[in-house]
Amino acid sequence: MAAPTPLDHSASGYSVAHAYWLAEAARAAYKSPEEAEYLSHSWGFDRFRHFSSPHTMPFPIDDTQAYVAASDRMVLVAFRGTEPQNLRDWLSDVNTPPVPGPARKGFVHYGFHRALDVVHPQVRDTVAEFKDDGQTVWFTGHSLGGALAMLSGARMHFEAPNLVPHGVYTYGQPRTCDRDLAKAYDTALKGRTFRFVNNNDIVPQVPPTPAFQHVDAVRYFDAAGKLHDRMPALGLLADKVKGATADPFAPASDGVRDHFMDTYVTLLERNL
């Protein structure tokens, strides 16, 4: 295992090292605003703004939190996730009608739409303010935060083309949208999105198909922690899931353990 090199603010393409640092940024979104700001400064960012907006909806999530950090070469947007137990009910609720996606392309889960909507205008305006010298723009998030990072990146591309993300890195992201939006997104942001999935992580398996779909491109950690640039055969994955505990959302289950943000950071560090 190699020691992580410092975050490269001039990065322009995919690398495991950049994935590691964006995972660290996603992990920082779980910390207090003061701690997240301290970490961002230690990584070379000299501007920072934190957002926390409450919302009311029939799901056990009280607010949406995100931060934007910037240097003279890079703007970073990170969204906070939530615990998998808090996702159980509303990610599995197929009775919640989806709503139109960014620029009315396809549909998204109402919960994701609502959670993003309360902070997106502030995030968009801050990115526009901080992107004052041609900086690249990167989005990241874990769990719910991954869904919000993907959707915020999509809204930037389709609704604010001068703020198109250079990259979107997500970790343990749930299915977020329907097939039409996934297709439009994959075409628009091909080669810029990397969705990391750890073995039996339960959250990428919800909400249910075929109503909800994943976007590309996946990066998969196998049971030994080795990183692959594609998912294994469906039969192998199904066999692994079948071997997990009866309740995949139970705290001791493999599906929940594989979802922890700390685990994603550790695995990426091992694969440097």
Would you say [X] and [Y] make side-chain contact, with heavy atoms under 4.5 Å?
X	Y	answer
N199	Y220	yes
S143	Q173	no
V218	F196	no
V197	F221	no
V68	L76	no
P174	F112	yes
V137	V164	no
W138	P165	no

Between [X] and [Y], which heavy-atom pair has the shortest distance, and what is it?
X	Y	result
F158	P102	CD1-CB, 4.1 Å
L151	V108	CD2-CG1, 3.5 Å
L272	A17	CD2-CA, 3.5 Å
P207	F212	CB-CD1, 3.5 Å
Y110	V99	CD1-CG1, 3.9 Å
G141	A149	N-CB, 4.1 Å

Taking the six-membered ring for Trp, are [X] and [Y] ring centroids under 6.0 Å apart?
X	Y	result
H9	W43	no
Y169	F139	no
Y171	H259	no
Y67	F48	yes
H41	Y38	no

Spell out, as yes or no, whether a donor-acceptor pair under 3.5 Å connects the side chain of [X] to the backbone of [Y].
X	Y	result
Q135	F130	yes
H166	S12	yes
R175	Q205	yes
H228	R230	no
D178	A211	no
N271	L267	yes
E159	A103	yes
T140	L22	yes
S53	V119	no
Y185	V215	no

Report the C-alpha distance between F79 and S152 in whole Å, list the side-chain angles of each, state the deciding distance to 0.1 Å, and finish with yes or no for side chain to side chain contact (heavy atoms under 4.5 Å, CB included).
CA-CA 10 Å; F79 289 88; S152 188; 3.7 Å; yes
Rounded distance (nearest 0.5 Å) linking atom [atom1] of [X] with atom [atom2] of [Y]:
X	Y	atom1	atom2	result
T176	L148	OG1	CG	8.5 Å
T64	R114	OG1	CZ	8.5 Å
D186	D216	CG	CG	4.5 Å
T193	Y14	OG1	OH	13.0 Å
R155	L163	CZ	CG	12.5 Å
Y20	R270	OH	CZ	13.0 Å

More than 12 heavy atoms of other residues, nucleotides or ligands under 6.0 Å from NZ of K131: is that the case?
yes
Where do R49 and E129 land on the side chain to side chain contact (heavy atoms under 4.5 Å, CB included) test, with the steps shown first?
CA-CA 11 Å; R49 195 167 295 162; E129 176 188 343; 2.8 Å; yes
Do the side-chain N and O atoms of S32 and E35 include a donor-acceptor pair separated by under 3.5 angstrom?
yes
Inspect the contact between [Y] and [X] and indicate whether a charged nitrogen and a carboxylate oxygen are less than 4.0 angstrom apart.
X	Y	value
R80	D63	yes
R47	D132	yes
R219	D229	no

Given side chain to side chain donor-acceptor pair (under 3.5 Å), test S10 with R73 step by step and report yes or no.
CA-CA 6 Å; S10 298; R73 290 168 290 166; 3.0 Å; yes
Begin with the C-alpha distance, continue with both residues' side-chain angles, and end with the deciding distance and a verdict on side chain to side chain contact (heavy atoms under 4.5 Å, CB included) for V265 and E24.
CA-CA 7 Å; V265 173; E24 285 281 22; 3.8 Å; yes
Output, in order, the C-alpha distance, side-chain angles, deciding distance and verdict of side chain to side chain contact (heavy atoms under 4.5 Å, CB included) for V75 and T136.
CA-CA 6 Å; V75 177; T136 58; over 6 Å; no
For the pair Y30 and H142, evaluate ring-ring contact (aromatic ring centres under 6.0 Å, His included) and give the outcome as yes or no after the intermediate values.
CA-CA 9 Å; Y30 285 96; H142 166 254; 5.8 Å; yes
Salt bridge (Lys or Arg N to Asp or Glu O under 4.0 Å) assessment of D180 paired with K105:
CA-CA 7 Å; D180 289 342; K105 294 181 182 294; over 6 Å; no
